[in-house]
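Below is one structure, written out as structure tokens; the observations come after it.
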Amino acid sequence: MKIESIKIENYRNIEALNLDFSDVNIIYGENAQGKTNLIEAIYLFTGAKSFRGTKDSDLIKFHSDFARLKIDFSDDERNQSAEILIKEKRSATLNGVKKQSASALGEEIKAVVFSPIHLSMVKDGPSERRKFIDNALCQIRANYKNALKEYNRCLTQRNVLLKDLQRNPELHDMLYIWDRNFAKAGAKIIYQRQRYVEELLPFAKEVFSGLSGGKEELDIQLKGAFEYKNLKTDEIECELIKTLEKSRTDDVLNGVSGVGPHRDDIDILINGKSARSFGSQGQQRSCVIALKLAESSLLKNLTDIVPIALLDDVMSELDEKRQDYILNHIKEWQIFITCCDKNTVLRLKEGKTIHISNGKVLGD
Ligand code: ATP
Ligand code: MG
């Protein structure tokens with residue numbers, strides 16, 4: 001998929017902008033000029049909320065009462081256009097036909113985004129890593145979102161019961177029933193996550209090796225209360241029931257469920273050592289980039305839609321070799337990169353450079 005052009009009106013600090021794009025696009029300029037705003041505007045066409053967590057009404061330019069974004073995009077088969085209008089609510093049209101919801105555009109337009117916010121995937125605790133896998137799975141497996149909802153419902157109910165048990169021990173038999181529901185829902189999540197990690201790994205390894213000039217090896221492993229590898233869903237369910245039995249006394253005492261996929265983690269390893277504990281800044285950044293681009297490759301393999309890659313401020317902390325790999329060796333996707341450093345732009349062999357200042361394009 002390729003975004004051919006964009007037209008922006010009243011979006012954050014961008015009052016009016018018309019731009020054509022190439023396969024590789026570098027958006028550069030000083031701080032606070034509108035670089036991230038531009039790729040954030042493109043990202044909204046995936047139907048998602050801003051990757052910076054901003055609510056829609058705050059995306060409208062100060063003192064304006066609407067924002068309008070329009071793109072022309074193409075794939076092997078046809079040229080299409082999509083438009084987003086943000087007023088009190090966000091609405092969207094595809095080829096001039098109104099969509100039932102703005103998020104429905106996501107069926108046609110896919111993107112993988114890297115933002116410095118995503119470094120928390122390596123630097124912070126397990127919830128960020130689970131979020132990465134869960135979001136990726138929601139994009140490729142139609143039933144995953146519901147499976148996740150069902151699991152969270154079981155978890156909440158089990159936790160309520162655990163707290164009640166401290167006052168009403170006679171409710172103990174209920175716990176056996178909830179353990180079964182919990183294990184059934186949890187096994188589906190674990191199975192899908194394990195499969196995803198295994199599918200993602202070869203792609204992530206390839207990008208990471210490219211970034212490090214073949215000197216470093218990346219590994220990722222899903223870590224839970226027991227070994228998940230090679231287990232089918234019903235086998236995971238049996239193991240989870242056994243694990244819940246073992247942790248029952250502690251769970252009742254603490255009033256929370258201490259085991260299950262809500263506590264699982266993804267180990268990210270560089271040459272066998274934890275990237276979180278031992279990785280340098282550049283290595284940690286390279287891990288996240290590798291995982292994001294691998295997510296993109298997998299999406300392409302599984303859905304036939306080639307996503308675009310939006311890489312916000314991806315170059316900082318990377319040495320020249322790693323920067324060159326990103327600039328000149330990623331051919332599979334249309335790619336948008338923001339950066340402040342003019343020298344980075346000079347090393348781009350092919351592609352378009354867009355100089356942004358105060359929400360306007362100054363020319364290549
Ligand atoms: P950096 O290099 O620091 O990341 P950037 O070029 O990516 O900078 P942006 O995040 O795109 O900068 O933001 C540019 C400016 O947009 C900021 O100065 C901010 O105040 C402004 N801005 C944000 N929201 C709005 C809005 N709703 N209306 C007008 N301006 C806004
Ligand atoms: Mg920025």
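Read the numbers this way: they start at 1 and go in the same order the structure lists the ligands and their atoms. What's counted below: heavy atoms across the whole structure, side chains too, no hydrogens, waters or symmetry copies. Bear in mind that the values here come from a model prediction, so they are computed numbers and not experimental data.
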Joint cluster assignment, Y196 & L269, ILVMFWY side-chain distance < 4.5 Å: no
Heavy atom of the protein closest to atom 4 (O) of ligand 1 (residue, atom name, distance): T36 OG1, 3.9 Å
Minimum heavy-atom distance R322-S286, with the two atoms named: NH1-OG, 2.8 Å
Atom 28 (N) of ligand 1 - nearest protein heavy atom and its distance: F62 N, 3.0 Å
Within-shell test, D313 vs ligand 1, heavy atom, strictly < 4.0 Å: no
Residue Q33 vicinity, atoms of ligand 1 by number, heavy atom under 4.0 Å: 5 (P), 6 (O), 12 (O), 14 (C)
Common cluster, L162/M174, ILVMFWY with side-chain heavy-atom separation under 4.5 Å: yes
Metal check, the Mg ion (ligand 2) vs T36 N/O/S, cut-off below 2.8 Å: yes
L59, any N or O under 3.5 Å of ligand 1 N or O: no
Residue K61 vicinity, atoms of ligand 1 by number, heavy atom under 4.0 Å: 28 (N)
Taking every non-hydrogen atom, the tightest pair across R12 and K61: O-CG, 2.9 Å
Flag: protein heavy atom within less than 4.0 Å of atom 2 (O) of ligand 1: yes
Identity and distance of the protein heavy atom lying nearest atom 21 (C) of ligand 1: N13 CB, 4.0 Å
Test log, rule ring-ring contact (aromatic ring centres under 6.0 Å, His included), inputs F226 and Y228: CA-CA 6 Å; F226 51 92; Y228 298 148; 5.0 Å; yes
For the student: nearest non-hydrogen atoms of M315 and C339, plus distance: CG-CB, 4.5 Å
Any G29 heavy atom less than 4.0 Å from ligand 1: no
Minimum heavy-atom distance I117-S120, with the two atoms named: O-OG, 2.9 Å
Taking every non-hydrogen atom, the tightest pair across L222 and I190: CD2-O, 4.1 Å
Option with minimal heavy-atom separation from atom 25 (C) of ligand 1, where the choices are H63, E40, R12: R12
Nearest-neighbour protein heavy atom for atom 8 (O) of ligand 1, which is reported as residue plus atom name and distance: A32 N, 2.7 Å
Mutual orientation of the aromatic rings belonging to H118 and F51 [parallel < 30°, tilted 30-60°, perpendicular > 60°]: tilted
Any D58 heavy atom less than 4.0 Å to ligand 1: yes
Atoms in ligand 1 flagged as close to N37, the criterion being non-hydrogen separation under 4.0 Å: 9 (P), 10 (O), 11 (O), 13 (O), 14 (C), 15 (C), 16 (O)
Part of D312 with heavy atoms under 4.0 Å of ligand 1, whether side chain, backbone, both or neither: neither
Residue-ligand contact R52/ligand 1, heavy atom below 4.0 Å: yes
V207-L302 co-clustered via ILVMFWY side chain contacts under 4.5 Å: yes
Element-labelled atoms of ligand 1 that are located less than 4.0 Å from some non-hydrogen atom of C340: 2 (O)
Any non-hydrogen protein atom less than 4.0 Å away from atom 19 (C) of ligand 1: no
Parallel, tilted or perpendicular: ring planes of F21 versus F336, cut at 30 and 60 degrees: perpendicular
Atom indices of ligand 1, in the order listed, that fall short of 4.0 Å to a heavy atom of I60: 26 (C), 27 (N), 28 (N)
Candidates V113, L38, V112, I109 - the one meeting side-chain contact (heavy atoms from CB on, under 4.5 Å) with Y43: V113
